[in-house]
There are 2 protein chains.
Amino acid sequence: MSSRAVQDTEGQDAAVVGCSTRAIRALVAELHKRMDAHQRGRSADFDLTPTQAKALEELGRPKTARELAAVLYCEPPNVTYVVDKLEKRGLVVREPHPQDRRAKQLVLTEEGRELRLELLRRIGRDSPLAHLSREERAVLREQLVRALDGAQA
Amino acid sequence: MSSRAVQDTEGQDAAVVGCSTRAIRALVAELHKRMDAHQRGRSADFDLTPTQAKALEELGRPKTARELAAVLYCEPPNVTYVVDKLEKRGLVVREPHPQDRRAKQLVLTEEGRELRLELLRRIGRDSPLAHLSREERAVLREQLVRALDGAQA
DNA sequence: TATTGTTATACTCTATAACTATA
DNA sequence: TATAGTTATAGAGTATAACAATA
């Protein structure tokens, strides 16, 4: 990132200079891209697509398909799609729901739980944020929470 | 977001509590999602897909197709795809490159320049960050830059 | 021989609609 | 009648391979 001055409204560098909304959007997008690329890479290390990895993470506790759809921000048919693949690999099983016979509980197998923990460990190590001290991460977190707080969901 | 305590490694709430790498990843992803949704919505207001809008933004200065591909993080065929649509709407023209007759300069038309500025103005207004003061944005920006600084690209 | 942009094509991901079995 | 999950299908969006023009 160069630090060429803000010359005009047309310059693309205006996006990363100053503290305009647009500048912050560019920075958030860049940070997200790096963390996402990191997670994508580590997921691939275990032959998991990013969505499969996210599903595995979220199934630390059993969930129904709809609950999983909610946290993955996707529609139920996609959960079927993802869970099919995890089930074929023996990482997840569909169990009958104790209260509602229409629903199913998605539960990690022993192998699924192990892979989940390995994945989380791997993602945490050599993360794009590894160079920050605990204090720096706390400050960053504080600012992110503040930014999210007043924003409309 | 509840504030249930960090109970164990399996709890999904561990993702948003504390200042672990994972917690920050979740926060960055959430903020990015909101800003992205906002931009998607404002782009749609002008009948632009997010990628078309991003291309329009980046063409504040003329670029070749490969340069545009680089900033859009995509492959050249997709640039052809996007530029085709922008050109049909009269927002962009493909001009011969002055130095290299293989390449083309992608240049905004007068209409394209106007739409670009309207779009940027619209995105800046009522942004998800509008509730932050100028000082708060400055602090947030400072932390984001720090996080990006040492991270491997 | 390498590179620019295009065409043709395939693949991934996600969404909608229709179906079943329960509630 | 409404809801949970599945199936079938279609649509974006993106990627790879082959090609023509030029370097």
Side-chain angles (χ1 to χ4, degrees), chain A residues 29 32-33 36-37 39-41 43-44 46-59 61-89 92-108, chain B residues 29 32-33 36-37 39-41 43-59 62-89 92-108:
Chain A
H32 177 262
K33 187 169 75 71
D36 194 58
Q39 187 176 17
R40 182 175 293 266
S43 302
F46 295 97
D47 280 308
L48 294 167
T49 66
T51 309
Q52 285 169 12
K54 189 81 199 306
L56 201 63
E57 271 192 52
E58 295 291 345
L59 287 177
R61 292 170 191 285
K63 285 181 173 54
T64 65
R66 290 201 102 83
E67 286 168 342
L68 186 54
V71 295
L72 294 181
Y73 302 112
C74 71
E75 301 300 317
N78 304 320
V79 171
T80 301
Y81 179 77
V82 171
V83 172
D84 276 351
K85 303 199 170 170
L86 294 178
E87 194 173 40
K88 264 177 204 139
R89 279 181 62 176
V92 174
V93 287
R94 294 176 221 236
E95 296 183 354
H97 192 282
Q99 277 86 43
D100 186 340
R101 282 193 299 170
R102 293 173 305 181
K104 289 169 189 172
Q105 284 271 24
L106 306 175
V107 185
L108 293 187
Chain B
H32 177 262
K33 188 169 74 72
D36 194 59
Q39 187 176 17
R40 182 175 292 266
S43 302
D45 293 343
F46 295 97
D47 280 307
L48 294 167
T49 67
T51 309
Q52 286 169 11
K54 188 81 198 307
L56 202 63
E57 270 192 53
E58 295 292 346
L59 287 176
K63 288 180 171 55
T64 66
R66 289 201 102 82
E67 286 168 342
L68 187 54
V71 295
L72 294 181
Y73 303 111
C74 71
E75 301 301 315
N78 304 319
V79 171
T80 300
Y81 180 76
V82 171
V83 173
D84 276 352
K85 302 198 170 171
L86 294 177
E87 195 173 38
K88 264 177 203 140
R89 278 182 63 178
V92 174
V93 287
R94 294 176 220 236
E95 295 183 353
H97 192 283
Q99 277 87 43
D100 186 340
R101 281 193 300 170
R102 292 173 304 180
K104 289 169 188 171
Q105 283 272 25
L106 305 175
V107 184
L108 293 188

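Order of the sequence lines sets the chain letters (A, B, ...), proteins ahead of strands, with each chain counted from 1.
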Asks: Output the rounded distance in Å from CZ (A:R94) to P (C:dA21).
Replies: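 These atoms are roughly 16 Å apart.
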Asks: How far apart are the closest heavy atoms of A:P76 and A:A69, and which atoms are they?
Replies: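 Closest approach of A:P76 to A:A69: N-CB, 4.2 Å.
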Asks: Tell me, for nucleotides 18-23 of chain D in 5' to 3' order, what letter each nucleotide earns: B for a base near a protein heavy atom under 4.0 Å, S for only sugar-phosphate near one, - for neither?
Replies: ---BBS
Asks: Which atom names give the shortest non-hydrogen contact between A:E58 and A:L68, and what distance separates them?
Replies: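 Heavy atoms of A:E58 and A:L68 come nearest at CB-CD1, 4.0 Å.
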Asks: Mind listing the closest non-hydrogen atom pair of B:F46 and B:R89 along with its distance?
Replies: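 Where B:F46 meets B:R89 most closely, the heavy atoms are O-NH2, 3.1 Å.
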Asks: Rounded to whole Å, please give me the gap between CZ in B:R40 and P in C:dT14.
Replies: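 Those two atoms, CZ and P, are 12 Å apart.
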Asks: Compare every heavy atom of B:L59 with every heavy atom of B:L106, then report the nearest pair and how far apart it is.
Replies: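 Looking at all heavy atoms of both residues, the closest pair is O-CD2, 3.8 Å.
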Asks: Please round to the nearest 0.5 Å and tell me the distance separating atom CD of B:E57 and atom CD of B:Q39.
Replies: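 With rounding to 0.5 Å, CD (B:E57) is 5.5 Å from CD (B:Q39).
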Asks: In whole Å, I'd like the distance from the CG atom of B:L86 to the P atom of C:dG5.
Replies: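 To the nearest whole Å, that distance equals 16 Å.
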Asks: Rounded to the Å, how far apart are B:L72 CG and D:dA15 P?
Replies: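 From B:L72 CG to D:dA15 P: 11 Å.
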Asks: Starting at atom CG of A:L68, determine the distance to atom P of D:dG5, rounded to an integer number of angstrom.
Replies: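 Going from A:L68 (CG) to D:dG5 (P), I get 10 Å.
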Asks: Atom CD of B:Q52 to atom C1' of D:dG13: distance rounded to whole Å?
Replies: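 For the pair B:Q52 CD and D:dG13 C1', the rounded distance is 12 Å.
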Asks: Can you give me the bend angle of the helix from C:dT1-D:dA23 to C:dA23-D:dT1? Use the axis through the first five pairs and the one through the last five, nearest 10 degrees.
Replies: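 Comparing the axis at each end, I get an angle of 0°.
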Asks: Within this structure, what is the NZ-to-C1' distance between B:K63 and C:dT4, rounded to whole angstrom?
Replies: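 To the nearest whole Å, that distance equals 17 Å.
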Asks: I need the residues from residues 76-85 of chain B with at least one non-hydrogen atom less than 4.0 Å from DNA chain D; give them sorted by number, or say none.
Replies: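 Those residues whose heavy atoms fall under 4.0 Å from DNA chain D, taken from residues 76-85 of chain B in numerical order, are B:P77, B:N78.
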Asks: Atom OG1 of A:T64 and atom CD of A:Q105: how far apart are they, to the nearest 0.5 Å?
Replies: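 Going from OG1 on A:T64 over to CD on A:Q105, the span is 7.0 Å.
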Asks: A:T51 has a side chain; which of D:dA4, C:dT14, C:dT16 sits nearest to it?
Replies: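 The listed nucleotide nearest to A:T51's side chain is C:dT14.
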Asks: Tell me, do A:L108 and A:L86 make a side-chain contact under 4.5 Å, heavy atoms counted?
Replies: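 Result no, sub-4.5 Å side-chain heavy-atom pair not found.
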Asks: Would the distance check show the side chain of B:K85 and the main-chain N or O of B:Q52 forming a donor-acceptor pair, the cut-off being under 3.5 Å?
Replies: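 Absent.
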Asks: Write down the atom of A:H97, the atom of A:Q99, and the distance for their closest heavy-atom approach.
Replies: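 For A:H97 versus A:Q99, the nearest heavy atoms are ND1-N, 3.0 Å.
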Asks: Using heavy atoms to find the nearest nucleotide of DNA chain C for B:Q105 and A:E75 separately, return the residue whose nucleotide is more 5′.
Replies: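 The answer here is B:Q105.
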Asks: Roughly how far apart are B:R94 CZ and B:D84 CG, rounded to 0.5 Å?
Replies: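 These two atoms lie 4.5 Å from each other.
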Asks: A:L106 has an atom CG; how far is it from atom P of D:dG5, in whole Å?
Replies: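 After rounding, the gap between these two atoms is 7 Å.
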Asks: Over all heavy atoms of both residues, which pair between A:V92 and A:E87 is shortest? Give the atoms and the distance, please.
Replies: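 Nearest heavy atoms, A:V92 then A:E87: O-CG, 3.3 Å.
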